[in-house]
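Note sheet for the following structure.
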Amino acid sequence: MIANYGFSATLTARPGMGDRLVGLLLTGLNENNPGASDHCVVYLVSRSAFDPDVVHITEGWTSEDDHHRIFAGEAAQTIVAQIGPLLGKKPEYTDYVPVRGKAAF
């Protein structure tokens with residue numbers, strides 16, 4: 001599968017909550033969650049090298065429609081609802097159209 005739509009987000013957790021935020025985002029890879037979908041071809045959770053409360057997530061999807069459809073589902077909405085209370089400020093998002101690259105884990 002090829003990613004035709006993607007985004008990256010920078011999430012800043014409340015002080016000391018970075019581990020909980022990372023753990024929550026990684027549940028997105030669990031069975032029946034968004035990152036486990038066949039339509040999600042990249043799901044990468046990273047941390048700032050300098051601030052453990054700054055977390056980055058990069059996602060690549062087969063299409064923007066697939067992304068929106070999956071994120072409208074109950075599993076995704078459950079995760080999203082739990083993210084808000086962990087954040088110290090509003091997330092920063094950048095949408096993009098992947099051109100070419102590699103993701104191998």
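In this text the structure is predicted, and so the values were computed from the model without any measurement.
The residue from T58, L44, I57 that alone fulfils the side-chain contact (heavy atoms from CB on, under 4.5 Å) condition with S8 is T58. Screening L21, D19, L87 for a side-chain contact (heavy atoms from CB on, under 4.5 Å) with V55, the sole residue that qualifies is L21.
Using cut-offs of 30° and 60° for the angle between ring planes, the Y5 and H67 rings count as tilted. The aromatic rings of F71 and W61 lie perpendicular to each other, with more than 60° between the two planes, well past the 30° mark.
Atom CZ of R20 sits about 12.0 Å away from atom CG of D53, to the nearest 0.5 Å. Here the straight-line distance linking atom CG of L26 with atom OH of Y43 works out to 7.0 Å at 0.5 Å rounding. Residue H56 holds its NE2 atom at 9.0 Å from CG of L11, rounded to the nearest 0.5 Å. Distance check, rounded to the nearest 0.5 Å: OG of S63 to CZ of R69 gives 7.5 Å. Here the CD-OG1 distance, from E92 to T10, works out to 5.5 Å after rounding to the nearest 0.5 Å. For the atom pair N4 CG and T62 OG1, the distance stands at 7.0 Å (nearest 0.5 Å).
A75 and N33 get closest at one heavy-atom pair: CB-OD1, 3.3 Å. Shortest non-hydrogen contact noted between A13 and G18 is CB-N, 3.7 Å. Nearest approach of T78 to Q82, heavy atoms of both residues: O-NE2, 3.1 Å. The nearest pair of heavy atoms linking P34 to C40 is O-CB, 3.6 Å.
Hydrophobic clustering of Ile, Leu, Val, Met, Phe, Trp and Tyr side chains at less than 4.5 Å, counting indirect connections, keeps Y96 apart from V42. Residues V54 and L86 fall into different hydrophobic clusters, defined by Ile, Leu, Val, Met, Phe, Trp and Tyr side chains chained together at heavy-atom separations under 4.5 Å. One hydrophobic cluster holds both I79 and V45 under the rule that ILVMFWY side chains link at heavy-atom gaps under 4.5 Å.
The closest side-chain heavy-atom distance from I2 to V41 is not below 4.5 Å. Counting only heavy atoms from C-beta outward, the side chains of R47 and P52 approach each other to under 4.5 Å.
Residues T27 and N30 bring no donor and acceptor atom of their side chains to less than 3.5 Å of each other.
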